[in-house]
Chemist: 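Okay, here's the structure, questions in a sec.
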Amino acid sequence: MKDCLFCKIIAGEIPSEKVYENDDVFAFKDISPQAPFHAVIVPKAHIGSAAEINAENSRYAAKIFEAVAEIAKEQKLDNGFRVVTNAGEDGGQTVGHLHFHMLAKRYLQWPPG
Ligand code: 5GP
Ligand code: ZN
């Protein structure tokens, strides 16, 4: 989608540090990491947020969680990790392209702030 930051990162128009890629999913290091390991995992199709997942595009959600398990193995996140998606204003979403934060390599408090 034109003028979408994460579509531009997927297309390579904006550089990023790639963590993982397949036909459906792209993952890259967050520019402002909140943990020693902090990746952003996105579908290659433009979906606005978790509020826009439906019967037509929900296979991307499954593909993202397949990627999560692959990344956990590749990055040796044996001590655990957290996956979170922010949706809408109260959810703290700042980029309007569905994405999942994958955080690891420190103890993560629950509940979050
Ligand atoms: P949100 O706040 O929407 O859940 O997450 C957006 C995330 O994208 C933030 O954690 C932010 O640091 C990250 N981000 C924003 N712009 C860029 C960028 O240009 N490159 C990378 N790698 N991450 C970005
Ligand atoms: Zn997009």
Side-chain angles (χ1 to χ4, degrees):
M1 187 196 229
K2 203 171 160 286
D3 295 334
C4 170
L5 177 65
F6 287 171
C7 282
K8 287 179 181 167
I9 285 179
I10 293 161
E13 292 165 17
I14 293 173
S16 69
E17 194 179 332
K18 183 164 84 173
V19 171
Y20 179 87
E21 182 174 18
N22 65 28
D23 285 350
D24 300 302
V25 174
F26 191 75
F28 52 95
K29 292 275 179 75
D30 196 293
I31 205 167
S32 174
Q34 301 303 308
F37 178 84
H38 185 172
V40 178
I41 309 170
V42 301
K44 286 190 173 177
H46 182 88
I47 300 168
S49 78
E52 292 183 17
I53 294 174
N54 56 40
E56 273 70 54
N57 62 25
S58 62
R59 72 179 196 89
Y60 283 103
K63 291 288 178 186
I64 281 168
F65 278 91
E66 289 174 24
V68 163
E70 286 297 317
I71 293 166
K73 280 190 211 107
E74 288 176 8
Q75 302 288 332
K76 299 186 170 46
L77 306 181
D78 304 325
N79 216 39
F81 57 86
R82 179 170 295 163
V83 176
V84 63
T85 188
N86 300 325
E89 191 178 343
D90 281 359
Q93 184 179 9
T94 60
V95 179
H97 180 127
L98 176 67
H99 54 280
F100 292 76
H101 299 265
M102 187 170 184
L103 302 146
K105 296 201 183 283
R106 73 167 170 84
Y107 179 75
L108 298 154
Q109 294 287 339
W110 189 261

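For reference, positions follow the sequence shown, starting with 1. Both ligands and their constituent atoms are indexed starting at 1 by order of listing.
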Chemist: Please report which non-hydrogen protein atom sits nearest to atom 8 (O) of ligand 1, along with the residue it belongs to and the distance in Å to one decimal place.
Modeler: F6 CZ, 3.4 Å
Chemist: With a heavy-atom distance limit of 4.0 Å, tell me whether K29 approaches ligand 1 through its side chain, its backbone, both, or neither.
Modeler: backbone
Chemist: Atom CD of residue position E89 - does it have more than 12 heavy atoms of other residues, nucleotides or ligands inside 6.0 Å?
Modeler: no
Chemist: Suppose I only count heavy atoms of H101 and a 4.0 Å limit; which atoms of ligand 1 are within that range?
Modeler: 1 (P), 4 (O), 5 (O), 7 (C), 10 (O)
Chemist: Identify the heavy atoms of P36 and K105 that sit nearest to each other, and give their distance.
Modeler: CG-O, 3.3 Å
Chemist: Identify the two heavy atoms, one from L98 and one from A50, that lie closest to each other, and give their separation to 0.1 Å.
Modeler: CD1-N, 3.4 Å
Chemist: Is H38 close to ligand 1, meaning an N/O of one under 3.5 Å from an N/O of the other?
Modeler: no
Chemist: For H99, take its heavy atoms, then give the atoms of ligand 1 lying under 4.0 Å from any of them.
Modeler: 1 (P), 3 (O), 4 (O), 5 (O), 6 (C)
Chemist: Name the closest protein heavy atom to atom 9 (C) of ligand 1, giving the residue it belongs to and the distance to 0.1 Å.
Modeler: D30 OD2, 3.3 Å
Chemist: For atom 16 (N) of ligand 1, what is the nearest protein heavy atom, given as residue, atom name and distance?
Modeler: L5 CD2, 3.3 Å
Chemist: Hey, does Q34 sit under 4.0 Å from ligand 1 if you only count heavy atoms?
Modeler: no
Chemist: With a 4.5 Å limit on heavy-atom distance, are the side chains of F81 and Q75 in contact?
Modeler: no
Chemist: Tell me if the CG atom of N54 is crowded by more than 12 foreign heavy atoms within 6.0 Å.
Modeler: yes
Chemist: Heavy-atom distances under 4.0 Å decide this one: backbone, side chain, both or neither, for T85 against ligand 1?
Modeler: neither
Chemist: With the Zn ion (ligand 2) as the reference point, give the N/O/S atom of H97 that is nearest.
Modeler: ND1
Chemist: Does any part of the side chain of D3, heavy atoms only, come nearer than 4.5 Å to the side chain of K8, both counted from C-beta?
Modeler: yes
Chemist: Should you measure from each heavy atom of Q93, which atoms of ligand 1 turn up under 4.0 Å away?
Modeler: 3 (O)
Chemist: Decide whether the shortest distance between a heavy atom of S16 and an atom of ligand 1 is less than 4.0 Å.
Modeler: no
Chemist: What part of F100, side chain from CB on, backbone N/CA/C/O, both or neither, has a heavy atom under 4.0 Å from ligand 1?
Modeler: neither
Chemist: For N57, is there any backbone N or O sitting under 3.5 Å from a side-chain donor or acceptor partner on E52?
Modeler: no
Chemist: Look up atom CZ in F6 and atom NE2 in H99, then write down how far apart they are to the nearest 0.5 Å.
Modeler: 5.0 Å
Chemist: Measuring from atom 2 (O) of ligand 1, which candidate in N86, T94, V95 has the nearest non-hydrogen atom?
Modeler: T94
Chemist: Which is it for E17 and ligand 1 at heavy atoms under 4.0 Å: side chain, backbone, both or neither?
Modeler: neither
Chemist: Using the side chain to side chain contact (heavy atoms under 4.5 Å, CB included) rule, pick out the option among M102, R106, K76 that qualifies with F37.
Modeler: M102
Chemist: Which heavy-atom pair separates G48 from Q93 by the least distance, and what is that distance?
Modeler: O-NE2, 3.0 Å
Chemist: So if I count the atoms of ligand 1 from 1 in the order they appear, which ones are less than 4.0 Å from some heavy atom of S32?
Modeler: 12 (O)
Chemist: Please work out, at 4.0 Å between heavy atoms, whether the side chain, the backbone, both, or neither of V40 comes within that distance of ligand 1.
Modeler: neither
Chemist: Keeping the roles fixed (side chain from K44, backbone from N22), state whether a donor-acceptor pair exists under 3.5 Å.
Modeler: yes
Chemist: How large, to 10°, is the angle at the Zn ion (ligand 2) when you draw lines to ND1 on H46 and to SG on C7?
Modeler: 110°
Chemist: Using 0.5 Å steps for rounding, measure from the CD1 atom of I47 to the CD1 atom of I64.
Modeler: 7.0 Å
Chemist: Would you check whether G92 has a nitrogen or oxygen atom less than 3.5 angstrom from a nitrogen or oxygen atom of ligand 1?
Modeler: yes
Chemist: I need the nearest protein heavy-atom contact for atom 23 (N) of ligand 1: residue, atom name and distance, please.
Modeler: I31 N, 3.3 Å
